[in-house]
K.L.:
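Supplied in structure tokens, the structure appears directly below.
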Amino acid sequence: MTTAAARDVECASERVAAALAQTCLHDGPVGLVGLEIEAHCFDIADPLRRPGWDELSDVIAAVPALPGGSAITVEPGGAVELSGPPAHGVADAIVGITADRTVLKQHFAAHGLALVLLGADPLRPAQRVNPGARYRAMESFFAATGSAEAGAAMMTSTASVQINIEAGPRAGWADRVRLAHALGPTMIALSANSPLLSGHFTGWRSSRQRVWGQLDSARCGPILCDNGDDPAADWAHYALRAPVMLVRTPEAVPMTEFVSFADWADGRVSLDNRTPGEADLEYHLTTLFPPVRPRRWLEIRYLDSMPDHRWPAVVFTLATLLDNPAAAQIAADATAAVGGEWDLAARAGLADPRLRAAAVTCVTAAAEHAPAELTDAMAGLLADVEAGRCPGDDFSDRVVEHGIPTALTQLARSQA
């Protein structure tokens, strides 16, 4: 290979990074909002039983038309996800996916199944039921890289509410992405709804966030560099230095050692006897799970799955704090002192006085912009936040009084 050719290969990752930085965020107005809600599927009569793939597929195949147009997918452990289409504003997004969840949970209840909104499975051990090759390969990757337990729990025992918002005008990207990250600990604290995992109390208000924190920070940690002045470049840097998880050959083949995508692109390591193409980059990006993920829009992934009486207020709060300029400034000031407290938020929740103070300020600011149909929900959220109560505290109280199976059965029946 000539010196010029070698230099061209070595520059490949730089070209990939530059292209990725140019396309990862869309320059445009804010306003469109999409929601995704994951729910654990339980047998109402036998909460220890995990419904299998064929059973879930048959039930989903017979679901009536969903009025809000959401898509239905099944997570590796059998959790059922609703993904709503983009709506013009968070209030409309809430209305649409609420209607779809009502239809879906009634349909599942008719088959003896409940779609339970908790951030982590409180009873059953981790178990994959989705037979997809991607998930088999991910399971093998986690086992080979020393994170089998956390990887299995992440894939099969956690559930979240995800909010997708526009990146906004280019001039505001840095402030907007910084705020989306700074809000993370406060929003984790007020959404924490996973005090148990696999049959025991973990000592964390958000066991879901704890699980994510146990995984590789190069794949699951925040994307921002020290100053966060160029989030597009930060994402490109993050993606290129992240280890390759799977290589399509065309089946998904798991990696068993650390190889960054940059090393593969620059030819320092050859995977599948080749350098990566555009499809390999796109696939690699789907294996990265930061709490805020650029996908032209911003995919915010740090909320626990929460009860139907609580998640609309939490979702409205987060979207308003990001999309409303006045509320955004209040949120930036309120979260400045706790913007890096990810583990503290997951462990202590609103019991931490600084996180509680930030949450009270943020919810109060968002409530000023709530439509009439969300007034009661916002008032309920604010009351709980002021009292230092997370969504999962009610379930913890049930478990202490009745034990896990009975408490879960009660919750399943109430959410069916």
Side-chain angles (χ1 to χ4, degrees), residues 34-85 93-94 96-132 134-135 138-139 152-164 191 193-194 197-198 207-208 211 289 299 301 303-312 315 391 395 408-409 411-416:
L35 300 177
E36 301 177 25
I37 299 179
E38 296 172 343
H40 300 285
C41 185
F42 286 95
D43 184 323
I44 298 174
D46 181 8
L48 271 168
R49 185 179 78 86
R50 187 183 292 269
W53 178 254
D54 291 341
E55 180 181 1
L56 290 170
S57 298
D58 289 344
V59 172
I60 290 172
V63 172
L66 299 181
S70 295
I72 306 170
T73 53
V74 179
E75 295 298 302
V80 178
E81 180 179 60
L82 277 177
S83 301
I94 291 169
I97 206 164
T98 296
D100 290 349
R101 174 159 162 79
T102 298
V103 172
L104 191 66
K105 68 181 182 180
Q106 289 175 349
H107 176 76
F108 269 67
H111 290 78
L113 303 175
L115 298 177
V116 176
L117 300 177
L118 283 168
D121 190 325
L123 183 60
R124 301 171 300 194
Q127 180 187 351
R128 178 176 57 83
V129 300
N130 190 322
R134 171 184 170 91
Y135 298 122
M138 287 177 67
E139 199 171 58
M154 178 274 284
M155 289 199 300
T156 71
S157 300
T158 63
S160 68
V161 172
Q162 184 173 297
I163 178 170
N164 303 311
S191 72
N193 191 38
S194 48
L197 177 66
S198 301
S207 300
R208 181 200 57 81
V211 165
F289 310 108
E299 185 181 81
R301 307 167 49 86
L303 301 176
D304 273 13
S305 189
M306 293 163 280
D308 287 313
H309 74 273
R310 184 57 70 232
W311 69 257
V315 163
F395 185 64
L408 186 54
T409 298
L411 188 62
R413 288 172 174 161
S414 70
Q415 294 189 7

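All values reported here derive from a predicted model rather than from experimental measurement. Hydrogens, waters and symmetry mates play no part in the numbers below; they use all other heavy atoms, side chains included.
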K.L.:
Can you check side chain to side chain donor-acceptor pair (under 3.5 Å) on Glu81 and Thr73, steps first, answer last?
P.N.:
CA-CA 5 Å; Glu81 180 179 60; Thr73 53; 3.2 Å; yes

K.L.:
Identify the two heavy atoms, one from Val211 and one from Met154, that lie closest to each other, and give their separation to 0.1 Å.
P.N.:
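Shortest heavy-atom contact: CG1-N, 3.6 Å.
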
K.L.:
How close do Val129 and Gly77 get, heavy atom to heavy atom, and via which atoms?
P.N.:
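Between these two residues, the closest heavy atoms are CG2-C, 3.6 Å.
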
K.L.:
Side chains of Phe108 and Leu56, heavy atoms from C-beta outward: is any pair under 4.5 Å?
P.N.:
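Touching, per the 4.5 Å side-chain cut-off.
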
K.L.:
Would you name the heavy atoms of Ile44 and Pro47 that are closest together and state the gap between them?
P.N.:
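Shortest heavy-atom separation between Ile44 and Pro47 comes out as O-CD, 4.4 Å.
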
K.L.:
Would you indicate whether the side-chain heavy atoms of Thr98 and Trp311 approach each other to under 4.5 Å?
P.N.:
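Contact flag for Trp311/Thr98 side chains = yes.
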
K.L.:
Find the distance between CD1 (Ile94) and CZ (Arg101) and round it off to the nearest 0.5 Å.
P.N.:
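Spacing of CD1 (Ile94) from CZ (Arg101) equals 14.0 Å.
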
K.L.:
Restricting to side chain to side chain contact (heavy atoms under 4.5 Å, CB included), what partner residues turn up for Asp46, sequence neighbours left out?
P.N.:
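Asp46: side chain to side chain contact (heavy atoms under 4.5 Å, CB included) contacts with Asp43, Leu48, Arg49.
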
K.L.:
So which heavy atom on Ser70 is nearest to which on Ile97, and how close?
P.N.:
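Heavy atoms only, the tightest pair is OG-CG1, 3.9 Å.
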
K.L.:
To the nearest 0.5 Å, tell me how far Arg128 CZ sits from Glu139 CD.
P.N.:
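One finds 4.5 Å between CZ of Arg128 and CD of Glu139.
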
K.L.:
Hey, is the main chain of Glu38 close enough, under 3.5 Å, to the side chain of Ser305 for a donor-acceptor pair?
P.N.:
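A pair under 3.5 Å: yes.
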
K.L.:
Check Pro391 against Met306 and note the closest heavy-atom contact, atom names and distance.
P.N.:
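Of all heavy-atom pairs spanning Pro391 and Met306, the closest is CG-CG, 4.2 Å.
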
K.L.:
Is there side-chain contact between Ile72 and Leu66, with at least one heavy-atom pair below 4.5 Å?
P.N.:
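Counting from C-beta outward, Ile72 and Leu66 do come under 4.5 Å.
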
K.L.:
Which residue in the set Asn193, Leu411, Leu118 passes side chain to side chain contact (heavy atoms under 4.5 Å, CB included) when paired with Pro307?
P.N.:
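So, applying the side chain to side chain contact (heavy atoms under 4.5 Å, CB included) to Pro307 and each of Asn193, Leu411, Leu118, only Asn193 qualifies.
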
K.L.:
Going from CZ on Arg413 to CG on Leu408, what distance comes out if it is rounded to the nearest 0.5 angstrom?
P.N.:
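With rounding to 0.5 Å, CZ (Arg413) is 10.5 Å from CG (Leu408).
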
K.L.:
Rounded to the nearest 0.5 Å, what separates atom CZ in Arg301 from atom CG in Asn164?
P.N.:
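Going from CZ on Arg301 over to CG on Asn164, the span is 9.5 Å.
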
K.L.:
Could you walk me through whether Gln415 and Asp308 pass side chain to side chain donor-acceptor pair (under 3.5 Å), step by step?
P.N.:
CA-CA 8 Å; Gln415 294 189 7; Asp308 287 313; 5.8 Å; no

K.L.:
Could you list the residues that satisfy salt bridge (Lys or Arg N to Asp or Glu O under 4.0 Å) with Asp121, not counting sequence neighbours?
P.N.:
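Only Arg50, Arg124 meet the salt bridge (Lys or Arg N to Asp or Glu O under 4.0 Å) criterion with Asp121.
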
K.L.:
Testing the basics here: between Arg208 and Ser160, what is the closest heavy-atom pair and its distance to 0.1 Å?
P.N.:
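Nearest heavy atoms, Arg208 then Ser160: CD-CB, 4.3 Å.
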
K.L.:
Under 3.5 Å, is there a donor-acceptor pair between the side chain of Thr156 and the main chain of Gln127?
P.N.:
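Checked: pair present.
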
K.L.:
From His107 NE2 over to His111 NE2, what is the distance, rounded to the nearest 0.5 angstrom?
P.N.:
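Rounded to the nearest 0.5 Å, the NE2-NE2 separation comes out at 4.5 Å.
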
K.L.:
Given Val59, which partner from the list Asp54, Leu104, Val80, Leu113 fulfils the side chain to side chain contact (heavy atoms under 4.5 Å, CB included) test?
P.N.:
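Exactly one pass, corresponding to Leu113.
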
K.L.:
Would you say the side chain of Thr158 lies within less than 4.5 Å of the side chain of Ser194, judging by non-hydrogen atoms?
P.N.:
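Side chain of Ser194 against side chain of Thr158, heavy atoms only: no contact under 4.5 Å found.
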
K.L.:
Sequence neighbours left out, what passes salt bridge (Lys or Arg N to Asp or Glu O under 4.0 Å) with Arg310? Give chain and number order.
P.N.:
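In terms of salt bridge (Lys or Arg N to Asp or Glu O under 4.0 Å), with neighbours along the sequence ignored, Arg310 is linked to Asp384.
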
